Engineer: 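Take this structure first; my questions come after.
None of the values given here were measured: they were computed from a predicted structure.
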Amino acid sequence: MIRFLLSILFILQVSGVAPCRAAEATPNEIYAQAVRIEQEVDLLKGHFKITAKVQVVPKSGDLKPRHIRAKCYLLQYKLGKLRRQLGLAYLAPVEGEPSIDAQPGQPWGALQRVLTEIQIIKFYLGIPGAPRAAVPVSGKRGIDVYNKLHQISAELDLLTSPVSPSEVYGEVKRLNEDVDAVLRHLRQFDAAVPPPRRANLLPRDSLRAAFDLLDEIQRIQRAWGMDTVDLKGFDMGDNTVPNDVFGLVELDLAEWQRIKARSGLTHLITAPAAYVENKSPADVVQLLGYVANKIKLIRPR
């Protein structure tokens, strides 16, 4: 029997049979999973007797699965913060290998991980019950999913704390390491220098620097024949808070994954964020500017 099974495996291997492809989740199906998470977060809020509801400004834009996946990362990150607050071991968010175009099913899978993590936290808190079944919805687009997750992310701040400039700085460091990896892979000499550190900056300045960095990423994408996405709907102007900056940095990272994949680094998974403290918007702006200067070194091929 064992010899027979080994023979079958050998035949499949040499015949070039393609691996199975999972069914592609639609925005409607992903949105339904986001609603389940929203209900679970409401249970957590109820456990801690939190009745407040956060009002967020919706974003706009033609978002792709990679952008939804980036927002899922933020939910995992905040649940990790809650873990630390409850005295549990911190778990870094799950990341995947870079690709030029993320599969539609990736956000669905990421949201299952979020649901599982909430179930683990509920177990430690003694909150009974499994998540409710998904209720079908219709007419949803990528931006609708993102805005639902954006609302959930804000609600999680009531359980932990709003994102700080130090946490944003840690995310920019992840992008910095990714850019360094591409420069090394392309054998591009790193002649970039950090811009001067400017004092008395605000989150809106950090957001502007994150947009400037996005411009450099999209310059390369266009030069390499890739489409680009208009993210102007994420500009909060004077109302910018660190959460907005964190969100745009994650979108920068999502767009950079396409550059990594196109460069041939298809198995290089972005490292988890380092824990840093005592950083201000001035530090965030300087590091974003430094990363942008590095990206400017990459010229069209």
Engineer: Taking the side chain as C-beta and beyond, is there a heavy-atom pair between Pro131 and Gln119 under 4.5 Å?
Structural biologist: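 Pro131 vs Gln119: side chains touch.
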Engineer: Answer with yes or no whether the side chains of Gln39 and Arg36 bring together a donor and an acceptor at under 3.5 Å.
Structural biologist: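 Side chains of Arg36 and Gln39: no pair found under 3.5 Å.
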Engineer: Is Ser166 reaching over with its side chain to a backbone N or O of Asn278, donor-acceptor style, under 3.5 angstrom?
Structural biologist: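 Judged by distance alone, yes, a pair lies under 3.5 Å.
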Engineer: Measuring from atom NZ of Lys122 to atom CG of Leu115, what distance do you get when rounded to the nearest 0.5 angstrom?
Structural biologist: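 Nearest 0.5 Å value for the NZ-CG distance: 9.0 Å.
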Engineer: Any chain of hydrophobic side-chain contacts (each under 4.5 Å) joining Leu88 to Leu79?
Structural biologist: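 In one cluster: yes.
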Engineer: Give, for atom CD1 of Ile152 and atom CG of Leu74, the distance between the pair rounded to the nearest 0.5 Å.
Structural biologist: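 Interatomic distance, Ile152 CD1 to Leu74 CG, rounded to 0.5 Å: 11.0 Å.
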Engineer: Show your reasoning for whether side-chain contact (heavy atoms from CB on, under 4.5 Å) applies to Leu86 and Tyr124.
Structural biologist: CA-CA 9 Å; Leu86 296 174; Tyr124 281 107; over 6 Å; no
Engineer: Step by step, work out the side-chain contact (heavy atoms from CB on, under 4.5 Å) result for Lys59 and Met236.
Structural biologist: CA-CA 9 Å; Lys59 312 295 185 181; Met236 296 294 103; 3.5 Å; yes
Engineer: Any side-chain to backbone donor/acceptor pair from Thr160 onto Leu156? Under 3.5 Å, distance only.
Structural biologist: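 It does hold such a pair.
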Engineer: Taking CZ in Arg197 as the centre, count heavy atoms belonging to other residues, nucleotides or ligands within less than 6.0 Å. Is the count above 12?
Structural biologist: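 Above 12, so yes.
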Engineer: Answer yes or no for Arg83 and Tyr90: cation-pi contact, defined as NZ/CZ to six-membered ring centre under 6.0 Å and angle to ring axis within 45°.
Structural biologist: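 No, Arg83 does not sit over the ring of Tyr90.
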Engineer: Would you check if Leu214 and Leu251 make a side-chain contact, meaning some heavy-atom pair closer than 4.5 Å?
Structural biologist: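 In short, these two side chains do not touch, never coming nearer than 4.5 Å.
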Engineer: Kindly indicate whether the side chain of Arg141, heavy atoms from C-beta on, has any atom under 4.5 Å from the side chain of Pro27.
Structural biologist: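 A side-chain contact is absent here, since even the closest heavy-atom pair is not under 4.5 Å.
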Engineer: Report yes if the side chains of Trp256 and Leu175 come closer than 4.5 Å at any heavy-atom pair, otherwise no.
Structural biologist: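 A side-chain contact exists here, since the closest heavy-atom pair is under 4.5 Å.
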Engineer: Could you check whether any side-chain N or O of Gln85 sits under 3.5 Å from a backbone N or O of Leu159, counting only pairs where one atom can act as donor and the other as acceptor?
Structural biologist: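 Pair found, side chain donor or acceptor close to backbone of Leu159.
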Engineer: Could you state the interatomic distance from CZ (Phe211) to CD (Gln218), rounded to the nearest 0.5 Å?
Structural biologist: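 Answer for the CZ-CD pair, Phe211 versus Gln218, is 9.5 Å.
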Engineer: Looking at Lys294 and Asp178, is there a salt bridge between them, counting it only when a charged N and a carboxylate O are closer than 4.0 Å?
Structural biologist: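 Judged by the 4.0 Å cut-off on N to carboxylate O distance, Asp178 and Lys294 do not form a salt bridge.
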Engineer: At their closest point, which heavy atom of Pro98 faces which heavy atom of Leu265, and how far apart are they?
Structural biologist: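 Heavy atoms of Pro98 and Leu265 come nearest at CG-O, 3.1 Å.
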Engineer: Once you round to the nearest 0.5 Å, how far does CG of Leu111 lie from NZ of Lys148?
Structural biologist: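 Here the interatomic distance stands at 12.5 Å.
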Engineer: Is the Tyr169-Phe246 ring centre distance short of 6.0 angstrom?
Structural biologist: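 No - the distance between ring centres of Tyr169 and Phe246 does not fall below the 6.0 Å cut-off.
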Engineer: Between Arg132 and Glu40, does at least one N-O distance fall below 4.0 Å, as a salt bridge requires?
Structural biologist: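 Judged by the 4.0 Å cut-off on N to carboxylate O distance, Arg132 and Glu40 do not form a salt bridge.
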Engineer: Glu277 and Tyr275: side-chain donor and acceptor closer than 3.5 Å?
Structural biologist: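 Checked: Glu277/Tyr275 side chains pair up, N/O donor to acceptor below 3.5 Å.
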Engineer: State, with a plain yes or no, whether a side-chain heavy atom of Gln286 is found less than 4.5 Å away from one of Arg198.
Structural biologist: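 Side chain of Gln286 against side chain of Arg198, heavy atoms only: no contact under 4.5 Å found.
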Engineer: Are Gln112 and Gln33 close enough that a side-chain donor and a side-chain acceptor fall under 3.5 Å?
Structural biologist: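 There is such a pair between these side chains.
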Engineer: Are any of the side-chain nitrogens in Glu95 or Arg174 under 4.0 Å away from the carboxylate oxygens of its partner?
Structural biologist: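 Answer for the salt bridge query: yes.
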Engineer: Taking atom types as modelled, find out whether His67 and Glu255 have a side-chain donor-acceptor pair closer than 3.5 angstrom.
Structural biologist: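 The answer is yes; a qualifying pair exists.
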Engineer: Would you say Val179 ends up clustered with Val285 if hydrophobic residues are merged whenever their side chains have heavy atoms under 4.5 Å apart, either directly or through other cluster members?
Structural biologist: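 No, Val285 does not connect to Val179 through the hydrophobic network.
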Engineer: Show the nearest heavy-atom pair for residues Ser263 and Val182, with the distance to one decimal.
Structural biologist: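 The pair with the smallest heavy-atom distance is OG-CG1, 3.8 Å.
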Engineer: Would you name the heavy atoms of Tyr290 and Ala192 that are closest together and state the gap between them?
Structural biologist: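 Nearest pair, atom of Tyr290 first, then Ala192: CE1-O, 3.6 Å.
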Engineer: State, yes or no, whether a side-chain contact exists between Glu117 and Gln76 at a heavy-atom distance under 4.5 Å.
Structural biologist: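 No, side chains not in contact.
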Engineer: Does the cation-pi check pass for Lys81 over Tyr77, that is, NZ or CZ under 6.0 Å from the six-membered ring centre and within 45° of its axis?
Structural biologist: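 No; the conditions do not both hold, so Lys81 does not lie above the ring face of Tyr77.
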Engineer: Using a distance-only test with no angle check, is there a side-chain donor-acceptor pair under 3.5 angstrom linking Tyr146 and Gln151?
Structural biologist: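 Per modelled atom types, Tyr146 and Gln151 side chains form no pair under 3.5 Å.
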Engineer: Verify, without hydrogens or angle tests, whether Asp190 (side chain) and Asp180 (backbone) share a donor-acceptor contact under 3.5 angstrom.
Structural biologist: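 Checking the backbone N and O of Asp180 against the side chain of Asp190, no donor-acceptor pair under 3.5 Å is found.
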Engineer: Linking I/L/V/M/F/W/Y whenever their side-chain heavy atoms sit closer than 4.5 Å, directly or via other members, would Leu125 and Leu43 fall into one cluster?
Structural biologist: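 Shared cluster, no.
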Engineer: Of the non-hydrogen atoms in Asn293 and Val193, which two are nearest, and what is the gap between them?
Structural biologist: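 Looking at all heavy atoms of both residues, the closest pair is ND2-O, 3.0 Å.
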Engineer: Do Lys45 and Glu155 meet the salt-bridge criterion of a basic N to acidic O distance under 4.0 Å?
Structural biologist: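 Here Glu155 pairs with Lys45 in a salt bridge, since their nearest N and O are under 4.0 Å apart.
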Engineer: Ion pair present between Arg258 and Asp101, side-chain N to carboxylate O less than 4.0 angstrom?
Structural biologist: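 Looking at Asp101 together with Arg258, the answer is yes, because their closest N to O distance falls below 4.0 Å.
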Engineer: Hey, is CZ on Phe48 packed in by over 12 heavy atoms from elsewhere, all under 6.0 Å?
Structural biologist: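 Result for CZ/Phe48: enclosed.
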Engineer: Honestly curious: do Leu253 and Val94 fall in one hydrophobic cluster under the side-chain, below-4.5 Å linking rule?
Structural biologist: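 No, because Leu253 and Val94 fall into different hydrophobic clusters, even though each may have its own neighbours under 4.5 Å.
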Engineer: Using side-chain heavy atoms (C-beta onward) and a distance below 4.5 Å, is Val56 in contact with Val54?
Structural biologist: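 In contact.
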Engineer: When you compare the side chain of Lys71 with that of Ile68, does any pair of heavy atoms fall below 4.5 Å?
Structural biologist: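 Result no, sub-4.5 Å side-chain heavy-atom pair not found.
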Engineer: Would you compute the distance between atom CG of Leu75 and atom CG of Leu149 and round it to the nearest 0.5 angstrom?
Structural biologist: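 Separation between the atoms: 5.5 Å.
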Engineer: Assess the residue pair Val163 and Val241 against the criterion (side-chain contact (heavy atoms from CB on, under 4.5 Å)); give the C-alpha distance rounded to whole Å, side-chain angles, the decisive distance to 0.1 Å, and a yes or no.
Structural biologist: CA-CA 9 Å; Val163 166; Val241 296; over 6 Å; no
Engineer: Check for me, please, whether Ile100 and Ile269 land in the same ILVMFWY cluster - side-chain distances under 4.5 Å, paths through other members count.
Structural biologist: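 The answer is no; the residues belong to distinct hydrophobic clusters.
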Engineer: Within the 3.5 Å criterion, strictly below it, is a donor on Gln257 or Thr270 matched to an acceptor on the partner's side chain?
Structural biologist: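 Yes, because at least one side-chain N or O of Gln257 sits under 3.5 Å from a partner of the opposite role on Thr270.
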Engineer: Which heavy atom in Leu288 sits nearest to a heavy atom in Ala210, and how many Å separate them?
Structural biologist: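 Closest approach of Leu288 to Ala210, heavy atoms only: CD1-N, 3.7 Å.
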Engineer: Testing Asp238, Asp235, Asn239 for side chain to side chain donor-acceptor pair (under 3.5 Å) with Arg204, which one passes?
Structural biologist: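 Answer after filtering Asp238, Asp235, Asn239: Asp238.
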Engineer: Under a 3.5 Å distance rule, please check whether Asn147 uses its side chain to pair with a backbone N or O of Ile143 as donor and acceptor.
Structural biologist: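 Looks like yes, one N/O pair under 3.5 Å.
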Engineer: Drop me the distance from Ile50's CD1 to His47's NE2, to the nearest 0.5 angstrom.
Structural biologist: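 Separation between the atoms: 10.0 Å.
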Engineer: Take Tyr73 and Glu171 through the test side-chain contact (heavy atoms from CB on, under 4.5 Å) and record every step on the way to the result.
Structural biologist: CA-CA 11 Å; Tyr73 170 93; Glu171 291 302 308; 3.0 Å; yes
Engineer: What are the two closest heavy atoms between Pro107 and Pro65, and how far apart are they?
Structural biologist: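 Where Pro107 meets Pro65 most closely, the heavy atoms are CG-O, 3.5 Å.
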Engineer: Determine whether the side chains of Lys78 and Asn243 contain a donor N or O and an acceptor N or O closer than 3.5 Å.
Structural biologist: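 Yes, side-chain donor-acceptor contact under 3.5 Å.
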Engineer: Salt bridge (Lys or Arg N to Asp or Glu O under 4.0 Å) for Arg208 and Asp212? Distances and angles first, verdict last.
Structural biologist: CA-CA 6 Å; Arg208 184 67 266 156; Asp212 291 342; 3.6 Å; yes
Engineer: For the residue pair Ser164 / Lys279, report whether a side-chain donor-acceptor contact shorter than 3.5 Å exists.
Structural biologist: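 Side-chain D/A pair, Lys279 to Ser164: absent.
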